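Numbered from 1 within each chain, the chains take letters A, B, ... in sequence-line order. Because the structure is a prediction, the values reported are computed rather than measured.
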There are 2 protein chains.
Amino acid sequence: MVGATAAVTPVQNSQRPAKISAAAVARAAGVSPATVSYVMNGRQGVSADTRRQILKIANELGYRPSGHGRLPDPLLTRVVGFILPNITNPMHTGWAQHIITASAAEGFDVFVATTFDDPESLAQIASTLAARNVDGVIIAGALREDSRALRTLRQRRIPYVYLSRRADHVPGDFVGIDDDTAASQLMQHILDHGYTEIATVIGPRFSTASMAREIAFVRTAAAAGADISGPRKISTRLSADGGLVAAQQLLDSSAPPRAIVCGSDEIAMGVMEHALARGLRIPEDVAVVGSDGLTHSRSRLIGMTTIVQPVKQMADRAFELLLDQIASPRTTYTQTICAHRLHIGTSCGCPAGAAPASP
Amino acid sequence: MVGATAAVTPVQNSQRPAKISAAAVARAAGVSPATVSYVMNGRQGVSADTRRQILKIANELGYRPSGHGRLPDPLLTRVVGFILPNITNPMHTGWAQHIITASAAEGFDVFVATTFDDPESLAQIASTLAARNVDGVIIAGALREDSRALRTLRQRRIPYVYLSRRADHVPGDFVGIDDDTAASQLMQHILDHGYTEIATVIGPRFSTASMAREIAFVRTAAAAGADISGPRKISTRLSADGGLVAAQQLLDSSAPPRAIVCGSDEIAMGVMEHALARGLRIPEDVAVVGSDGLTHSRSRLIGMTTIVQPVKQMADRAFELLLDQIASPRTTYTQTICAHRLHIGTSCGCPAGAAPASP
DNA sequence: CATTTTACTTAACGTTGCTTAACACCATCT
DNA sequence: AGATGGTGTTAAGCAACGTTAAGTAAAATG
């Protein structure tokens, strides 16, 4: 046969649902069966044009690579992107590690990109990831007010999942903790200690997580009669440095706070460091608590009281949702709220061993 | 104008957007294919007139240089890979951050892959990175005795740079610190304190960096008459957990050491944590020092004495070397030894402020 | 007029992208 | 069971292509 080739009505002649063979696709596309095989198995050595053409025809004819152990989907690049503000904050690196591990288990590679919370970077990164045909993106560095990146992804029909932070007005799957409840519990614990002069230091307000925590902090304190406002309500960079600067402002004041509640462990560490540098004792002179539950901050070296976030669970869930979207795009969105836990250390004023420390 | 373009309807022709070859452009312009190539690549040696003419025709025909005979264009993908044992150790994340930043500045995206120091993972990762046609790889997780990954890269002519650790018997560009000198200085400082009962805890011995440090530790101690051997010479995982376990072994012994010198800050933190849990004081009961110089361990919260490695400089240099190799492959290799610095904290027994703490 | 420079061609690669053909696999039919 | 044919996979082959060194002729230069 072979010689036949060319011509041959490609599609129209389907009066009955005959079996569609790879050879039929090859003929319709004007290529050899081998080329079809290469495309369906995601091998390289086929030009992008030809690949597209073959996939299009295969789709029209309803060809299913009915064989055995073929790759799930030849259209996938098996690459995902992970966008985060930076990769130095241990909270972020924890997520990154678990996302990379989960991805590797599914045969995906991960582009890791950092924005430093710069809107331009974020938009730029989304563009290049889209240009690289990633199958999906997990975003742990969304900005509340800048939706350019998200719009780029939506336009290109690239699935994405928010992790911890989200953009206002752009819907999407979300994985996080209940920031409001967690922050309330943490503040309540501080209030239970009897502290009344309280300050809060959170990360940037363009992060929905930071905002939610600050709001809950302030509301809970207010309910107990403690006012947190003005110079006692600080937003800073999400790093130890940010905490250092904030602590300086707070402790330089004529009425320094008795307790400092932070929206992140890294910030809390910066606050602690500055307090120690001034010769203050923690928690005797000033109590400091955080909100990430990093292993390090919970260790006896630091003994921080903090909200423990289930890092692995969050990352795994985010990747799972992404895979799900990749497999079958949907228009409804899922919110996953992971269970947090209040870890009682010594930095709040509780005695050592007040609660069982956990690994 | 124009020589009327040797016939040939450019686009309208038939259903498909027929492929336009450089030869076709050459014919239409009445020149040789080589000349077209020179123009397209912006080489000189072509008159302005000819150049303009060719560009015009190429544009009319919609010529797209469909990389066929394209000589090994080194910048095929503008993607590099970064392989490291894990992305939770702050030392590694520091490198990762700077490599990602440097890459982004040059328009590269980065695949981050973690091996957990498993030889199979490492080999696997090298294969998939090679299959993805990365332009180069930076390896911070090389194993001394397993060269499969490196062989894969060499076979595919993919440039690579070792960071901090290297594989025995496989040459390559290397960026690191002078582990031997650094470790000697650190040990010497401990010896200067007058400690004689000394233990060392290093990372896995399949890391060249760990090995080099252990050897220097032991040699320097021996030169001062202090013997470190048997249960006092421990290799463990490169994490706080590893340090915890090691400390347990050391301090459970009937003759616990007075000083513990660690090959990594993370390990040292684990050691410290366990010591504190036993109610020991640092440095009064046991001195503990590390070797990475993480910002956190140097902070007043911990006050670790440690070797400071120039993280940014190392990462930038590694990426620079990689770019250099990508641009012009070479067969000679460069070793870059970055300057380290001994940071004196309080964990060794020095009084606070013995040396100026640095940011 | 001798020599260098400029502007292009020729020809030899090394690739890419696809085809041909050999092969392994499975179901069905003797 | 063994033979048969259809099917998808894979190695080997090969033509087309863009690149570049080497070559050459004309123009510029001294």
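Between B/Thr50 and C/dA7 there is no side-chain N or O to OP1 or OP2 distance below 4.0 Å. In this structure, B/Asn41 does not reach the D/dG18 phosphate: none of its side-chain N or O atoms is under 4.0 Å from OP1 or OP2. Residue B/Thr35 places at least one side-chain N or O closer than 4.0 Å to OP1 or OP2 of C/dT9. The side chain of B/Tyr38 places no N or O atom within less than 4.0 Å of a non-bridging phosphate oxygen (OP1 or OP2) of D/dG18.
Among residues two or more places apart in sequence or in another chain, the side-chain contact (heavy atoms from CB on, under 4.5 Å) test is passed with B/Arg51 by B/Val39, B/Val46, B/Leu55.
Within 4.0 Å (heavy atoms only), B/Val31 reaches sugar-phosphate atoms of the nucleic acid but no base atom. Note on A/Ala34: a base of the nucleic acid sits closer than 4.0 angstrom, heavy atoms only.
Going from atom CZ of B/Arg43 over to atom P of D/dT19 covers 9 Å, rounded to whole Å. Following rounding to the nearest Å, B/Met40 (CE) and C/dC8 (P) show an atom-to-atom distance of 14 Å. We find that CZ of B/Arg52 is positioned 17 Å from C1' of C/dC8, with the value rounded to whole Å. Atom-to-atom, CG of A/Asp49 to C1' of C/dG17 comes out at 12 Å; the value is rounded to the nearest Å. In this structure, B/Arg51 atom CZ and C/dC8 atom P are separated by 9 Å, rounded to whole Å. The CD1-P distance, from B/Ile20 to D/dG18, rounds to 11 Å in whole Å. Atom CZ of B/Arg27 and atom C1' of C/dT9 are 16 Å apart (whole Å).
Closest approach of A/Arg78 to A/Asp135, counting heavy atoms only: N-OD2, 2.5 Å.
For A/Ser47, counting side-chain heavy atoms from C-beta on, the closest listed nucleotide (C/dA7, C/dT10, C/dC18) is C/dC18.
Mapped onto DNA chain D by nearest heavy atom, B/Pro33 and A/Ser37 fall at different nucleotides, with A/Ser37 at the one closer to the 5' end.
Salt bridge status for B/Asp146 with B/Arg151: absent, with no side-chain N to carboxylate O gap under 4.0 Å.
Donor-acceptor pairing under 3.5 Å is lacking for the side chains of B/Arg144 and B/Thr208.
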For residues 104-116 of chain A, which side-chain donor-acceptor pairs fall under 3.5 Å, sequence neighbours excluded?
unit_1   : atom_1 : unit_2   : atom_2 : d
A/Asp109 : OD2    : B/Arg132 : NE     : 2.5
A/Thr114 : OG1    : B/Gln97  : NE2    : 3.1
A/Thr115 : OG1    : A/Asp117 : N      : 2.9

